[in-house]
Colleague: 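The structure under discussion is supplied below as structure tokens; questions concerning it will follow.
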Amino acid sequence: MSADVYYGIEVVLNGLMTGVMYSLVALGFVLIFKASGVFNYAQGVMALFAAQSLVGLQTGQIPFSHLINAVFGLEVHHFGWTLPTVVAIALSLCLMVLFALLVERLVLKHLVNQEPIILFMATIGLAYFLEGFGQLMWGAEIKRLDIGIPQGGNLWIENATAGLGGEDFFGFYIDTLDLYAALIAILLVTALVLFSQYTRTGRALRAVADDHQAALSVGISLRTIWVIVWSIAGFVALVAGAMWGAKSGVQFSLSLIALKALPVLMLGGFTSIPGAVVGGLIIGVGEKLFEFLIGAPFLGGATENWFAYMLALVFLVFRPQGLFGEKIIERV
Amino acid sequence: MFYRDVGEFKTSYRSDGQTFPIALDRHAYHAMLGIAFLVVPFLLNDYWVKAIVLPFLIYSIAALGLNILTGYCGQVSLGSGGFMAVGAYSCYKFMTGFDIYLPGEAGEWVRHALPPINVFFSVLLGGIMTALVGILFGLPSLRIKGFYLAVATLAAQFFLVWLFNTWEWSFNYSASGQITAPERAVFGVNVTGPDTSAWATYLFCLVFALVLALVARNLTRGHLGRSWMAIRDMDIAAEIIGVNPLKAKLTAFGISSFYIGISGALLFAVYLGAAEVGEAFGIQKSFLVLFMVIIGGLGSVLGSFLGAAFMVLLPVALKNLLVGQLGWATDIAAHLEFVIVGALIIGFLILEPHGLARLWRTIKQKLRVWPFPH
Amino acid sequence: MMIVPQWNVSDRTSIPARDDQRPRRTPALTSITTVPPELGTFPRVVQRNATRFAERPAYREKAFGIWQSWTWTQAHEQIRALAAGLLDLGLMPGDAVAIIGRNRPPFYWTVVAAQYCGAIPVPVYQDANADEAAYVMEHCGARFAVVDDQEQVDKLLEIAERTPQLEHILYLDARGLRTYDHRRLHELASVQRCGRERLAELGAELERRSAAASGTDAAVVLYTSGTTGRPKGVVLSHDNVLVTAMNSCAFDALDERESILAYLPMAWVGDFVFSMAQATWAGFCVNCPENAGTMHADLREIGATYFFAPPRFFEGLLTSIRIRMEDASAARRWLFDGALRRARTTGPALLEGRPVGWTDRLLHRIDHALILAPLLNATGLSSVRVGYTAGEAIGPEIFDFYRALGINLKQLYGQTEACVFLTQQPDGQVHPDTVGVPCTGVEIRIDADGEVHYRSPGAFREYYKNPEATAGTRDSEGWVATGDAGFFDSGNGHLRIIDRAKDVGTLANGHLFAPKFVENKLKFYPDILEAVVFGRDRAFCTAFVNIDLSAVGNWAERNNIAYASYQELAAHPKVCASIGEHIEQVNRSVAEDERLFDCQIRRFLVLHKELDPDDGEITRTGKVRRRIVEDKYGTLIEALHDGSTTLDVETEVTYEDGRRGTIRAVLALHDVATVEVAQVASDTARQRSGAGTRGEPA
Amino acid sequence: MSAQAQAPAPSASASEAAVAQVPVMELIGITLRFGGVTAIKDISFDIREGEVRAIIGPNGAGKSSMLNVISGFYHPQEGEIRYRGELRASMKPYEIARLGVARTFQNIALFKGMSTLDNIMTGRLTHMRSGLFAQAIWKGAAEREEIAQRERAERIIDFLEIQSIRKAPVGSLSYGMQKRVELGRALVSEPSLLLLDEPMAGMNVEEKEDMSRFILDVNEEFGTTIALIEHDMGVVMDISDRVVVMDYGAKIGDGTPDEVRNDQAVIDAYLGVAHD
């Protein structure tokens, strides 16, 4: 077999890695959408915010330092201490839960039984808010995030696979971080799936999707459920943010992973957890392969930006209900 | 309070169906037109035009367009930015002229140089090109509904932006990858390029905005508009009473894109002068326009203008306040702006989900029943 | 639908006169008693309009969402077409043409079309039940009936055997009539169509008939639904109606620019005179509402400049205004009340051209811009130039309210037999308690027992097929008895109607006794539904009171007073106390009256049951049957006069389902303070004789 | 009132049906399945010119599915539908609407965002011709057309006595009124076949009386052929000329109200079921 094939395989492997990340973010969407019918555009910004908070707490940044300086003409920036990663993660998690609480109190509660589009718009507003807020709180500059996961090509794999495709194949180049990310993501996804399948709360969440009465009959108030799902979404965002941030720095572009998750949703269906997982993998692999085979050589590259969408679009035209969505019978 | 509508009776359906059935409104409207055309041009200075008036007019057109699609036909679109890009780039090509190939006698392709076209028509053609693209991307709407469609339109957004990034021909192979509006005149008066006078650019955009607003009103009051709204309110019932969904949705997409294309063309040619697709027509634009429509009021021509005004004025006001008055660093101001805009949008959706237009209608109603509370 | 004033049962009140001694304007008695012969009949006047006001609007009807309009030329054409059509169906001179339906242009055309053919139009109340309709149809012997829709057609078919002479039924609305036997049924439009086709040959006949017609011919027969006995058909000649129209239009300077909303039943003389006679004479536009439900909206749209409504309308409107202001913010209310308070003084002054200080003027300007004009606009009365109310007593504060808003609301007094107009208030001389001065050409005489008589060019020709009734009402010199008692106010010389003549009497001490006069004052209080005053030939006056359950119940809730039944609430001491206060106030105002001061109420009781038509105590139209009440509650009346304080009663009642039962109650009888008036009966007598016959032509 | 209105009508339209035996629509051996479930089992009947044809049956008997088949919203797996003689290919719903088949819906399907008038105007869409540019300019062709259609709509508004709610948003109307507006929307398209899906569901007695009066008047005034489904047996029997009775997806009776009333199978199957 020629080297190209192996490079192809390498691409697929990398695609799978990214795919898992996509699935992770997509899950955040699905959970919220299932439980509250809200299409949470802010998911990506939440990831960004989570990552920012993580860095900030880790490095002992003073929140709102810029603002404070601007208002009181001070020059404060750091507390001068740093926190161990685990603590920082824990704290940022609390932050995300708090955020979830506030969202429910201040936004969702007032928007019950509005049309979906309105709720969607609200989350866009939320995204705006959180983006500005995050930058006010932690500053807008690009930050390095180190959560103690080694970065760079994994030599062991590289050596182990070197020469498979003849002498001009130097073995699979796979970033260790991606490996870890993938592992964590897989764990998380499984956890979430188990959670929503086998715990009472999880069942409640799924019940809400079908109808609210059912949920109530399980004995959990709608509002609690919302807080829960938003917290989970926050948690997912934190993980995703941490991974992505560690990989390519904490910066605005991080919030765009939300946009990456959208086609995944279309593909998998807004309400299907397995759909999110499979869809993520398909998209991940698909866009990498497309770039490798067609994008880069013929279309001047950077096709990842849109390929996922085109794929989903074309797919939907033939199967409007998505991969795992059940067939829609129209009644009058 | 100001309304004295006793004795205003209609003896024909024509007068009953007019846009402003109440005389007072009619007069107010005409007065505004008079001011807009005869007074404002003399008061304008560059700052006002650049900071407020032009963006207001241009975004109003975009908002009108999106409102036709989303507000009247119920098809949510997040692709406005991309469509504006199409308008801008095709307008640019028409302004600068390009080669077209037509089959010659012997069937071989013969190259003809298409000369630059007057900016007015370039803008129109830009709109038409966008309409075609819009229809193309509207096709999936026949199968895909609701959010799926909303997300699907993002495909257009990203694809088009990518396209104009990578396709050198579209920006005439300029090294910067930017497109720059050449100097063009209408009736001998510059409306694009480096040295334009405030009033000229203003009137140029005003004419577009006004005519397009009238057309929008006419389209939405007629049977086309009704078939759109029928689809919006209950597509199945609409089809059963005889609305052809294909026709309805595609016309909506086409016309909507036409508007958005024109606004994109104007934005680039008259307002920005030079544009790079990434930051000029990115997804943020899509959301901006969507905000305008939602905040202005879905399914309302007036709302499109109100929404545009709101979203244009808000940042300007904030900037003036924070940077101008409080003297903060611009970046902090920018962040704060994000926070405030976001909060305002949420607040708005909570307080008046039907937008400024509804607010306006309510106020009007209150004035009509004054002194009674309701 | 609105209750129509019954002219010949006008329960007039008189409220103390403002003692302004301004020189009173004697009405212009240009004693024109005939119209120029070339305008001697309706058809001729319409003809004139068709040329003179050719393109001006004659009729409008709100239909299919817009105001369908007809110019005078078009209206004339329609009328001729219809006339020819009727002719073609064999309508003969002298035939009666019954018209049954809500106000719609084609019906007004029918009136003139019938007259064109020398026939007599007879409008019939469209809400009359089959039996009433049957009586009228029988009595007038109509060969033709023009009706609205299936409902009316069905009604006529129902009574077919009682009206053998009825040959043709024309209907406007074909809805639901397709399958009916069409030998006798015709759609009005199709009758007009064939009229148009045959106009060529029938034209001559039409002209002949309209030429033959004279002013003394009957223009219309209007049936007055009397409270006693069968309705009487009042025959009004062209002269009667047109002269009245001519004079009354001149009186208020009505011309072709007016517009009026025709919403009161066509069978009622008021509508005939306002929407037919005056409109045709002056050539102004008659607007017909879409249906009863949309009357008020249509009034707003049209913005009538000349408007008549019975007091109930204005009461209802005012109530709805008050209710709508209920939940207004405090600030808004403050503005509103302030504006109205100021307007109460300034508004009428400006209306009557009295001098007003510049500050008041300024304030009024502001109030007008902020409150009054918008309010008027909301009520739809803002373009009313001349407004009339009549038929019943109107509460002074209600009357003043509209005057304050700047509506030139006036009162008039009249009856069917007189083509309405007997007296009316000239601009600038408006009092809530009078009915104005004699109309142009009308002579009023008040005879010894206080009954109002009149002689007028508008006085009816006769009661249709009822000579003895005619003789009974009109004496040899042509004086017609109104059946109402009244007198000329010595202050301003306006006529004041106090009661039905037969109810007016004297107390034991010979002082004048007019129960209705007091009862009306009482009924102006919202929590008094009905009051019956006794005193004829007795030492003093006493009263029965019915409380208004809704009003008092409302009050009880607010003061958390629990009650199980009407009886219990009526017996509640607090209720009785407040009623007592009302009566005291009334007494005070009665005391001020120069002639009725002794009608003050010394003792009263609150009845334990509502006076009920099922028990025959009041008529279906809500008028007290005095005699019956006196018989039924004789013991109570006695008790009131013999001074006992409580009384144990047992009354027989009829429930809605017809069952009979009795209710027992212990009634408390209450005394009320009265105002002593140092005045002797003689001066009342003097004034009465002094009232003489004002307003006779010199 | 309505009593008087009804009196002459049924006999009349019945006689019409008697003379005009021409079937507007014939359904032959219709069978409809959803996945495994068979909603309609091999049903055949016809609808004749100018008659009021009722399809009754207890809830879940397949009435609605039947109506959806007639209106072309569902496509049966077996059987054929003949419309005015020729075989009806499976068309899109809007194409069928253009053939002159209009319908109302069991749970009202009005356009909530529009006024009564606009809703009724949508019923005229199939008659609207003016093109895009004409409408953009409005003055001229488009306006003339609009006015012409408005006149039609107003006739219907007048016919259904809903003048007072002409400009009111339909969302604010009472249930009965909404039903009436929906009838108007179907009526204004001047259908040759009018399908009513439980026109009296959830109405009080007066509303039912009004509605049946309107149905009869429509049938009489415009000679419209009407097919309606209803589970309230009483009303249907008064207003319809012929009745099909369905139970569990099968046809168990067909004939004049009297015939059906006395049909043993119907009595067992239908009246056996407590009719709700």
Side-chain angles (χ1 to χ4, degrees), chain B residues 10 12-19 21 68 71-74 131 142 211-252 254-255 258-259 297-300 354 358 361, chain D residues 68 71-73 92-105 108-114 117-119 121-139 142-151 153-154 166-167 170-171 182 185-186 188-189 191 195:
Chain B
K10 307 282 183 278
S12 74
Y13 291 124
R14 177 174 278 101
S15 56
D16 189 51
Q18 61 193 323
T19 309
I68 287 174
Y72 284 96
C73 196
L142 302 172
V211 172
L212 287 173
L214 289 176
V215 170
R217 158 67 182 160
N218 290 342
L219 288 178
T220 50
R221 70 157 79 160
H223 64 80
L224 189 56
R226 275 196 205 93
S227 56
W228 290 341
M229 289 186 265
I231 291 281
R232 172 195 69 191
D233 288 349
M234 195 167 285
D235 51 358
I236 298 171
E239 191 170 356
I240 286 174
I241 65 163
V243 177
N244 177 347
L246 177 78
K247 195 153 158 271
K249 287 181 179 172
L250 288 193
T251 45
I255 292 163
F258 175 73
Y259 277 63
L298 287 169
S300 152
H354 300 287
R358 171 67 62 86
R361 222 171 291 132
Chain D
N68 283 331
S71 70
F73 188 70
K92 295 241 178 306
Y94 66 88
E95 293 167 323
I96 289 168
R98 284 160 203 274
L99 285 181
V101 179
R103 69 168 288 172
T104 67
F105 302 85
I108 301 167
L110 286 171
F111 304 124
K112 292 274 177 292
M114 303 191 222
L117 178 60
D118 278 329
N119 266 278
M121 288 291 275
T122 54
R124 296 296 300 174
L125 283 175
T126 48
H127 299 70
M128 298 273 202
R129 297 279 167 273
S130 66
L132 182 62
F133 287 97
Q135 289 184 70
I137 298 156
W138 191 251
K139 289 279 161 230
E143 190 174 36
R144 275 198 304 278
E145 181 179 67
E146 179 80 359
I147 288 169
Q149 303 305 338
R150 169 85 187 267
E151 277 161 5
E154 288 289 349
R166 182 183 287 108
K167 298 261 167 97
V170 288
E182 201 184 27
R185 185 181 64 187
V188 77
S189 65
L195 308 175

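Worth saying up front: this structure is predicted, and the values here are computed from it rather than measured. Quick note on labels: first sequence line is chain A, next is B, and so on, each numbered from 1.
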Colleague: Tell me the closest heavy-atom pair linking B:Ile240 and D:Ala97, and the distance in Å.
Modeller: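 Result for this residue pair: O-CB, 3.2 Å.
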Colleague: May I ask you to test the D:Phe105-B:Ile236 pair for a side-chain heavy-atom distance under 4.5 Å?
Modeller: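 In short, these two side chains do not touch, never coming nearer than 4.5 Å.
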Colleague: Restricting to side-chain contact (heavy atoms from CB on, under 4.5 Å), what partner residues turn up for D:Ile108, sequence neighbours left out?
Modeller: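 Per chain and number, D:Ile108 pairs via side-chain contact (heavy atoms from CB on, under 4.5 Å) with D:Leu110, D:Tyr175, D:Gln178, D:Lys179, D:Glu182.
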Colleague: Give, as side chain, backbone, both or neither, the part of B:Arg232 having an atom under 4.5 angstrom from any heavy atom of chain D.
Modeller: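 The side chain, not the backbone.
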Colleague: Roughly how far, to the nearest 0.5 Å, is CG of B:Asp233 from CG of D:Asp118?
Modeller: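 With rounding to 0.5 Å, CG (D:Asp118) is 10.5 Å from CG (B:Asp233).
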Colleague: Specify the closest pair of heavy atoms between D:Gln135 and B:Asn218, including all atoms of both residues, with the distance to one decimal.
Modeller: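 What the structure gives for the nearest pair is O-CB, 3.1 Å.
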Colleague: If we only count heavy atoms from C-beta on, is the D:Glu151 to B:Tyr13 side-chain gap below 4.5 Å?
Modeller: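 Sidechains of B:Tyr13 and D:Glu151: in contact.
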Colleague: If we define contacts as heavy-atom pairs under 4.5 Å, which of D:Thr126, D:Ile96, D:Leu125, D:Val101 has the most with chain B?
Modeller: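 The option with the most such pairs is D:Leu125.
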Colleague: Determine whether B:Leu214 and D:Trp138 make a side-chain contact, defined as any pair of heavy atoms from C-beta on separated by less than 4.5 Å.
Modeller: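 Contact flag for B:Leu214/D:Trp138 side chains = no.
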Colleague: For D:Phe111 versus B:Ala237, what's the shortest heavy-atom pair and its separation?
Modeller: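 So the minimum-distance heavy-atom pair works out to CE2-CB, 4.1 Å.
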Colleague: With only heavy atoms counted, which part of D:Ile137 is less than 4.5 Å from chain B, the side chain, the backbone, both or neither?
Modeller: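 Looking at D:Ile137, just its backbone touches chain B.
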Colleague: With a 6.0 Å cut-off (strictly less than), is the heavy-atom count around NZ of D:Lys92, excluding the residue itself, greater than 12?
Modeller: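 No, because the 6.0 Å sphere around NZ of D:Lys92 holds 12 heavy atoms or fewer from other groups.
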Colleague: Are the side chain of B:Arg14 and the backbone N or O of D:Ile147 linked by a donor-acceptor pair below 3.5 Å?
Modeller: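 Side chain of B:Arg14 to backbone of D:Ile147: no pair is present.
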Colleague: Work out which heavy atom in B:Ala230 is nearest to a heavy atom in D:Met114; give both atom names and the distance.
Modeller: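 The pair with the smallest heavy-atom distance is N-CE, 3.4 Å.
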Colleague: What part of D:Ser189 is in contact with chain B, defined as an atom under 4.5 angstrom from a non-hydrogen atom: side chain, backbone, both or neither?
Modeller: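 For D:Ser189, neither part sits under 4.5 Å from chain B.
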Colleague: Can you name the closest pair of heavy atoms from D:Ala136 and B:Leu219 and give their distance?
Modeller: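 It is N-CD2, 3.8 Å.
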Colleague: Given the options D:Arg144, D:Lys112, D:Glu145, D:Glu143, which has more heavy-atom pairs under 4.5 Å with chain B than any of the others?
Modeller: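 Sorted descending by pairs with chain B, the first entry is D:Glu143.
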Colleague: I'd like to know which of D:Arg98, D:Glu146, D:Lys139, D:Arg124 tops the heavy-atom pair count under 4.5 Å against chain B.
Modeller: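 Going by pairs under 4.5 Å, I would pick D:Glu146.
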Colleague: Does any heavy atom of chain D fall under 4.5 Å from the side chain of B:Ala216, the backbone, both, or neither of them?
Modeller: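 It is neither, since no heavy atom gets under 4.5 Å.
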Colleague: Please determine whether side chain to side chain contact (heavy atoms under 4.5 Å, CB included) holds for the pair D:Met128 and B:Arg226, giving the CA-CA distance in whole Å, both sets of side-chain angles, and the decisive distance to 0.1 Å.
Modeller: CA-CA 11 Å; D:Met128 298 273 202; B:Arg226 275 196 205 93; 4.2 Å; yes
Colleague: Taking all atoms of both residues into account, what is the closest heavy-atom pair of B:Glu239 and D:Pro93, and its distance?
Modeller: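 That would be OE2-CD, 3.5 Å.
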Colleague: Under the side chain to side chain contact (heavy atoms under 4.5 Å, CB included) criterion, do B:Ile241 and D:Arg185 qualify, and how do the steps go?
Modeller: CA-CA 8 Å; B:Ile241 65 163; D:Arg185 185 181 64 187; 3.9 Å; yes
Colleague: Do you know which of B:Gly17, B:Gly299, B:Ala238 has the most heavy-atom pairs under 4.5 Å to chain D?
Modeller: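 Of B:Gly17, B:Gly299, B:Ala238, B:Ala238 has the most heavy-atom pairs under 4.5 Å with chain D.
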Colleague: Would a distance-only check, ignoring hydrogens and angles, find a side-chain to backbone donor-acceptor pair under 3.5 Å from B:His223 to D:His127?
Modeller: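 Pair absent, no side-chain N/O of B:His223 close to backbone of D:His127.
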